[in-house]
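All values reported here derive from a predicted model rather than from experimental measurement.
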Amino acid sequence: MTLVLDSSALFSMENLPEEDHVCPPGVIKELTRYKDPRLDLWGDMLRTSDCSAESLRKVEDAARKTGDLGRLSPVDMTVIALALDVGGTVLSDDFSILNVCTVMGIQNRSVGTKGIKKVERWNYQCIGCKKWYKERSAECPICGSPMKSFRKK
């Protein structure tokens, strides 16, 4: 089994897992940006790989259906897509990553949290005009106010 590591998992771990593991290059960039000192220790032990464009499209489609598309960063999406490519288990504490993995049938587990108990679906509401949307955007297309996410009931 290959573990696909997300930034949140690496931030939570003291040591790298003994199992075979890989992460997308964007995760290394995030660790570098936040000046995580463990990156100096782990260095060459962190194996990286890019995901396929096809898997990335599948992740985007699944995230759009759950409403997580606006909650996932581009790096988050590559973590899930890479797991799809290698048939791996995602290691993350990001609830949206775990949510999409569960919907897609990708094995996942959390490191520093309890993980998710059930799949959530999300809708977005404009905080100004109160209009509801299925997909998140930076601002409401009607009034320009910010959007807020809500679990779909």
Apply side chain to side chain contact (heavy atoms under 4.5 Å, CB included) to Val59 and Met104, showing your working.
CA-CA 8 Å; Val59 170; Met104 294 183 74; 4.0 Å; yes
Nearest heavy-atom contact between Cys140 and Cys129 is SG-SG, 3.7 Å
Residues Leu98 and Ser110: closest non-hydrogen pair is CD1-CB, 4.2 Å
Within a strict 4.5 Å, meaning less than it, do heavy atoms of the Val111 and Phe11 side chains meet?
no
If you measure from the Lys or Arg side-chain nitrogens to the Asp or Glu carboxylate oxygens, is any gap between Asp20 and Arg47 under 4.0 Å?
yes
Side chains of Pro24 and Cys51: closer than 4.5 Å at any heavy-atom pair?
no
Rounded to the nearest 0.5 Å, the CD atom of Glu60 sits from the CD1 atom of Ile80 at a distance of 11.5 Å
Lys/Arg-Asp/Glu bridge criterion (N-O < 4.0 Å) met for Arg109, Glu19:
yes
Write down the atom of Ala9, the atom of Leu91, and the distance for their closest heavy-atom approach.
CB-O, 3.1 Å
So does Gln107 have more than 12 non-hydrogen atoms from other groups sitting under 6.0 Å from CD?
no
Rounded to the nearest 0.5 Å, what separation is found between the CG atom of Asp61 and the CG atom of Leu56?
10.0 Å
Would you give the length of the straight line joining atom OG1 of Thr89 to atom CG of Leu3, rounded to the nearest 0.5 angstrom?
6.0 Å
Which distance, rounded to the nearest 0.5 Å, do you find between the CG of Asp93 and the CE of Met13?
10.0 Å
Would you tell me whether Asp76 and Ser73 have side-chain atoms, one donor and one acceptor, within less than 3.5 Å of each other?
yes
Taking the side chain as every heavy atom from C-beta outward, state whether Val75 and Val27 have any pair of such atoms under 4.5 Å apart.
yes
Using every non-hydrogen atom in the two residues, find where Ala83 and Val90 come nearest and quote the distance to one decimal.
CB-CG2, 3.4 Å
Does one hydrophobic cluster hold both Ile142 and Met147, with members joined at side-chain heavy-atom distances below 4.5 Å?
yes
So CD of Gln125 and OG of Ser145: to nearest 0.5 Å the spacing works out to 11.0 Å
So do the side chains of Ile97 and Asn108 get within less than 4.5 Å of each other, counting heavy atoms only?
no
Hey, what do you get for CD1 (Ile106) to NZ (Lys58), rounding to the nearest 0.5 Å?
9.5 Å
Smallest separation among heavy atoms of Leu5 and Val79, with atom names
O-CG2, 4.1 Å
Smallest separation among heavy atoms of Ser96 and Arg71, with atom names:
OG-NE, 3.1 Å
Any side-chain heavy-atom pair of Val4 and Val86 under 4.5 Å:
yes
Does the side chain of Leu69 come within less than 4.5 Å of Met77's, by heavy atoms?
yes
Please examine the side chains of Ser55 and Leu82, heavy atoms only from C-beta on, and report whether any two atoms are closer than 4.5 Å.
no
Do you see a donor-acceptor pair shorter than 3.5 Å between the side chains of Ser92 and Asp94?
no
May I ask you to test the Leu10-Leu16 pair for a side-chain heavy-atom distance under 4.5 Å?
yes
